[in-house]
There are 2 protein chains.
Amino acid sequence: MDVNPNMALVAAIISDKTRSKMIFIMLDGRFHSASELAYMAGIKPQTATFHLKKMTEAQIIKVEKQGRHKYFGIKDPGVASVLETFLSIAPQFEVRSLKKSPRDKALRSARTCYDHLAGNLGVKLVSALEKKGVLVKENDKYEVTNEGIEFLATLQINIYELKKKRRSFSHKCLDWSERKHHMGGALGNAIFEKILEFGWIKRLPNTRAIKITTLGEEHIPKIFNIDL
Amino acid sequence: MDVNPNMALVAAIISDKTRSKMIFIMLDGRFHSASELAYMAGIKPQTATFHLKKMTEAQIIKVEKQGRHKYFGIKDPGVASVLETFLSIAPQFEVRSLKKSPRDKALRSARTCYDHLAGNLGVKLVSALEKKGVLVKENDKYEVTNEGIEFLATLQINIYELKKKRRSFSHKCLDWSERKHHMGGALGNAIFEKILEFGWIKRLPNTRAIKITTLGEEHIPKIFNIDL
DNA sequence: TAGATATTTCCATTATTATCGAAGTATGAA
DNA sequence: TTCATACTTCGATAATAATGGAAATATCTA
């Protein structure tokens, strides 16, 4: 922890039962939307906003905005461990579990996030590209390595052309279903468009959900070294 | 820690400034009377009662009653270390210090506690007897060992006679100045009466204070293996 | 564009909590 | 027995904080 949070303040934050519940939920290490936290803690969205603001000001949690959503998570591992200390001596809370509708489930496996791949597939792809040495994390975006340029060329993606475009090249994008980062920006968009063009995936009508085609089931694991 | 205190509850305790002060005072490891804690925290006795009750219920502190006094202290070393951790990074508190009057000072060095020795001398005597293997702590009282029976006989104290008396034989007695235990009960009384009879100590008029005589300064260190 | 969803702001209400005066109980001292 | 001391209980008050209704803003969807 770089900042020395005031323990009395932290204690005051934790001492509220509703906030304790929310913290407990976020201690799974993932990010959760405001409405999800509200529902699980059994309060109205306005009240959730009230508490989330407090906790953000107290530097206990941080927020990542994603369009009209906001995802909240524990600020850093240091804060988490302090909170764990409190939790380690505390009993469990009853937390309402989210009912996952079938529609929701489909969205989780693969979908578009604006104009790039998200969901389980989006996250898997990015981590596969990191493992292959194609991408390197750098703050809030990804950089392409020299070997990466070659690899992307085999997918008919020209880095230099993409970089000319008037948009972010490859920002990290927090995934609401996986709670991990996938890749947005021009590069994310290019990869999405290409594998769509190759017929490896297709859009499902009236939703952001994506289906992997038979062709895709054949090629994607080979090219990216992942299991689907 | 054997009992599982509730996290939100513990946090709620710490988040109050007055309680933090009181905890801070008790973290010296000693027991403090309710009025002492009230004065040092800058609140009225009623308010202190209110907080002390809360902390006792939260299993953070425990209490030992001593006549009309009550002495409060951190429940156990485990709780103490958790509290230390949280308070160590919190800002310091201004705590009123107790003014010690000369009369008060005299009482601290040696005095009677009802009918037995208390104060520095009382505490020293008991720990010396423990070290010599005369006494063994057992819950809230002391037991006399076989060697102890012999030793006490040299002081003309007959254990078997004492045990016949209709009073507690040797309960532990919390000392308000030393905040450690000395010995009450029939045994504590017998020891007191004997060394008074030997002229090793004498009562000061109109107070509970005790003075060690020249004779006592000669014999007590020798017999009990202590420094005065 | 209109409609749906996610979150926020504003505001009034309710709940919780710390505080202390006044009066009561318990204990020790004279 | 009478008085003083240590602590507690009760009740009123004031400060603080949590809650959600109503309406606004922002973003995505159709």
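Chain naming here is simple, since letters A, B, ... match the order of the sequence lines and numbering starts at 1 in each.
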So, does [X] use its side chain to make a donor-acceptor pair with the main chain of [Y] at under 3.5 Å?
{"X": "B:Arg19", "Y": "B:Ile14", "result": "no"}
{"X": "A:Thr56", "Y": "A:Leu52", "result": "yes"}
{"X": "B:Glu36", "Y": "B:Ser33", "result": "yes"}

Check your understanding: Taking for each residue the nucleotide of DNA chain D bearing the nearest heavy atom, is the 5' side occupied by A:Gln46 or by B:Ala34?
Key ->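 By nearest-heavy-atom nucleotide position, the 5'-most residue is B:Ala34.
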
Check your understanding: Within the structure shown, what part of the strands sits under 4.0 Å from B:Ser35 by heavy-atom distance: base, sugar-phosphate, or nothing?
Key -> sugar-phosphate

Once you round it to whole Å, what is the distance between [atom2] of [N] and [atom1] of [X]?
{"X": "A:Phe50", "N": "C:dC11", "atom1": "CZ", "atom2": "P", "value": "16 Å"}
{"X": "A:Tyr39", "N": "C:dA6", "atom1": "OH", "atom2": "P", "value": "14 Å"}
{"X": "B:Lys44", "N": "D:dA14", "atom1": "NZ", "atom2": "P", "value": "18 Å"}
{"X": "A:Ile43", "N": "C:dT8", "atom1": "CD1", "atom2": "C1'", "value": "14 Å"}
{"X": "A:Ile13", "N": "D:dT16", "atom1": "CD1", "atom2": "C1'", "value": "14 Å"}
{"X": "B:Leu37", "N": "D:dC7", "atom1": "CG", "atom2": "C1'", "value": "13 Å"}
{"X": "A:Lys65", "N": "C:dT5", "atom1": "NZ", "atom2": "C1'", "value": "14 Å"}
{"X": "B:His32", "N": "D:dC7", "atom1": "NE2", "atom2": "C1'", "value": "18 Å"}

Give a yes/no on whether any side-chain N or O of [X] is located under 4.0 angstrom from OP1 or OP2 of [N].
{"X": "A:His69", "N": "D:dA26", "result": "no"}
{"X": "B:Arg19", "N": "C:dA18", "result": "yes"}
{"X": "A:Thr47", "N": "D:dG20", "result": "yes"}
{"X": "B:Thr18", "N": "C:dT19", "result": "yes"}
{"X": "A:His51", "N": "D:dA17", "result": "no"}
{"X": "B:Lys70", "N": "D:dT8", "result": "yes"}

Exercise for review: Determine the minimum heavy-atom distance between A:Lys21 and A:Ala41, stating which atoms define it.
Suggested key: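 Closest heavy-atom pair between A:Lys21 and A:Ala41: NZ-O, 3.8 Å.
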
Review point. Can a donor-acceptor pair under 3.5 Å be found between the side-chain atoms of A:Arg68 and the base atoms of C:dT5?
Key: yes

Review point. Which nucleotide in the list D:dC7, C:dA18, D:dA17 gets nearest to the side chain of A:Lys54?
Key: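 Of D:dC7, C:dA18, D:dA17, D:dA17 is nearest to the side chain of A:Lys54.
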
Point to revise | Nearest-neighbour nucleotide for the B:Lys53 side chain, C:dT9, D:dT9, C:dA18 considered | key: D:dT9

Check your understanding: Between A:Lys194 and A:Glu197, does a salt bridge (Lys or Arg N to Asp or Glu O under 4.0 Å) hold up when you go through it step by step?
Key -> CA-CA 5 Å; A:Lys194 278 297 168 190; A:Glu197 190 186 311; 3.4 Å; yes

